[in-house]
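Take a look at the structure below.
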Amino acid sequence: MKTITEKILALKKEKNAVILAHYYQEEAIQDLADYVGDSLGLSQKAAETEADIIVFAGVHFMAETAKILSPNKKVFLPDLKAGCSLAESCPPDTFGEFVKNHPDHVVITYVNCSAEIKALSDIVCTSSNALKIVESIPKDKPIIFAPDKNLGKYIISKTGRDMLLWDGACVVHEAFSLDKLLKVYADNPGSKIIAHPECPPEVIKASDFAGSTSGMINYVKDNQPKKVMMVTECSMSDNIQVENPNVEFIRPCNMCPHMKKITLPKILDCLENETGEIIMDQETINKARLSVEKMVAIGR
Ligand code: 13P
Ligand code: SF4
């Protein structure tokens with residue numbers, strides 16, 4: 001009798017499929033994935049894979065981005081309800097009106113949004129290249145930045161650019177408070193605090209380092225702090241503990257309820273029965289591809 005992991009691996013081979021997993025996925029899923037990465041790395045892999053099928057262990061906007069970049073492949077999301085509070089905060093009709101009312105603005109959107117929003121954008125970014133992308137826009141050009149206001153505020157603090165921000169937030173990172181953080185720090189004096197830029201500004205300000213998912217991983221790898229508070233999704237500390245045995249990871253952390261909708265049985269169902277396929281109309285794919293490809297070309 002085969003285990004669920006053995007069944008997934010056999011079907012993956014038989015159907016020439018790849019499993020791409022975000023760092024926020026549980027360890028068992030990361031272990032059988034062909035590639036584990038942050039949003040940018042996953043987009044790059046989706047664009048270059050030779051596989052016929054992509055199973056995306058992540059959330060809806062990530063699988064959609066993979067479909068935009070590889071429209072001739074079948075892309076599956078093991079649970080089509082795995083959404084994102086940032087994407088939900090930015091409905092296409094309201095955002096379309098907002099863009100129309102600011103015709104002179106360059107529209108930069110964080111990849112955590114729907115394909116319709118990407119289609120309304122000039123260029124997409126992820127947290128690991130947002131600074132670089134904002135800096136690539138001529139200084140005299142006004143910018144709309146959506147949907148994450150906290151990432152937007154972080155970029156403003158770093159670049160001094162006066163951007164028009166959309167009022168969206170990530171439920172996972174917005175929930176961290178400075179108060180709670182300081183209480184944990186008081187019990188663990190001297191620990192390094194590293195935070196994702198989706199956190200509130202006061203949390204970022206109190207941190208030793210702010211950076212994207214891969215930025216945070218590299219910080220731990222390169223600096224080997226004795227104790228570190230990773231102010232982000234809980235799977236991050238779990239997953240990088242093995243590679244950093246001398247680092248003590250201190251909570252707090254928050255779980256992303258959307259990322260955690262993905263499970264091994266749902267991945268098996270995708271491969272066995274082709275459930276959860278991402279279906280998009282060609283016009284949206286074509287429009288969104290322009291802004292996503294610009295981001296992939298700029299890279300990290
Ligand atoms: P990155 O992978 O770009 O750091 O994004 C983090 C995140 O919240 C994904 O949903
Ligand atoms: Fe969206 Fe936040 Fe979950 Fe990432 S962690 S998928 S931004 S809700």
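Sequence positions, counted from 1, serve as the residue numbers for this chain. If you're wondering where the values come from, they're calculated on a predicted model, not measured in any experiment. Each ligand, and each atom within it, is numbered from 1 in the order the structure gives. Hydrogens, waters and symmetry mates play no part in the numbers below; they use all other heavy atoms, side chains included.
- Of the N or O atoms in Ser127, one or more lie within a sub-3.5 Å distance of an N or O in ligand 1.
- The closest non-hydrogen atom to atom 6 (C) of ligand 1, taken over Tyr24, Phe61, Tyr23, comes from Tyr24.
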Q. Under the disulfide (SG to SG under 2.5 Å) criterion, do Cys113 and Cys90 qualify, and how do the steps go?
A. CA-CA 7 Å; Cys113 63; Cys90 199; over 6 Å; no
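- Listed by number with element, the atoms of ligand 1 under 4.0 angstrom from any heavy atom of Tyr110 are 5 (O).
- Shortest contact from atom 10 (O) of ligand 1 to any protein heavy atom: Asn112 ND2, 3.5 Å.
- Residue contacts with ligand 1: Asp38 is placed with no nitrogen or oxygen under 3.5 Å of a nitrogen or oxygen of the ligand (distance criterion only).
- Between the side chains of Ser191 and Lys226, no donor-acceptor pair of N or O atoms lies under 3.5 Å.
- Summary of contacts: the protein heavy atom closest to atom 5 (O) of ligand 1 is Ser39 OG, 3.5 Å.
- We find that Glu135 and Lys158 are not joined by a salt bridge, their nearest charged nitrogen and carboxylate oxygen being 4.0 Å or further apart.
- No hydrogens or angles considered: nothing links the side chains of Thr3 and Thr5 as a donor-acceptor pair under 3.5 Å.
- No hydrogens or angles considered: a donor-acceptor pair under 3.5 Å links the side chains of Asp269 and Asn273.
- In this structure Phe176 satisfies the ring-ring contact (aromatic ring centres under 6.0 Å, His included) test with no other residue, sequence neighbours excluded.
- If you check which protein heavy atom lies closest to atom 2 (O) of ligand 1, you get His22 NE2, 2.8 Å.
- Under a 4.0 Å N-O distance rule, the pair Lys100/Glu97 qualifies as a salt bridge.
- If you check which protein heavy atom lies closest to atom 4 (O) of ligand 1, you get Thr213 OG1, 2.6 Å.
- Distances shorter than 4.0 angstrom do not occur between any heavy atom of Cys170 and any atom of ligand 1.
- Where the criterion is an N or O separation shorter than 3.5 Å, residue side chain and backbone included, Glu198 meets it with respect to ligand 1.
- For the residue pair Tyr110 and Glu198, a side-chain donor N or O sits within less than 3.5 Å of a side-chain acceptor on the partner.
- Each of the following atoms of ligand 1 lies closer than 4.0 Å to a heavy atom of Met62: 9 (C), 10 (O).
- Within a 6.0 Å radius of NZ in Lys192, other residues, nucleotides and ligands contribute 12 heavy atoms or fewer.
- Side-chain contact check for Thr109 and Ser121: at least one donor-acceptor pair (N or O, by modelled atom type) lies under 3.5 Å.
- Phe95 has its ring centre less than 6.0 Å from the ring centre of Trp166.
- Around atom 2 (Fe) of ligand 2, the protein contributes the following N, O or S atoms under 2.8 Å, ordered by chain and number: Cys170 SG.
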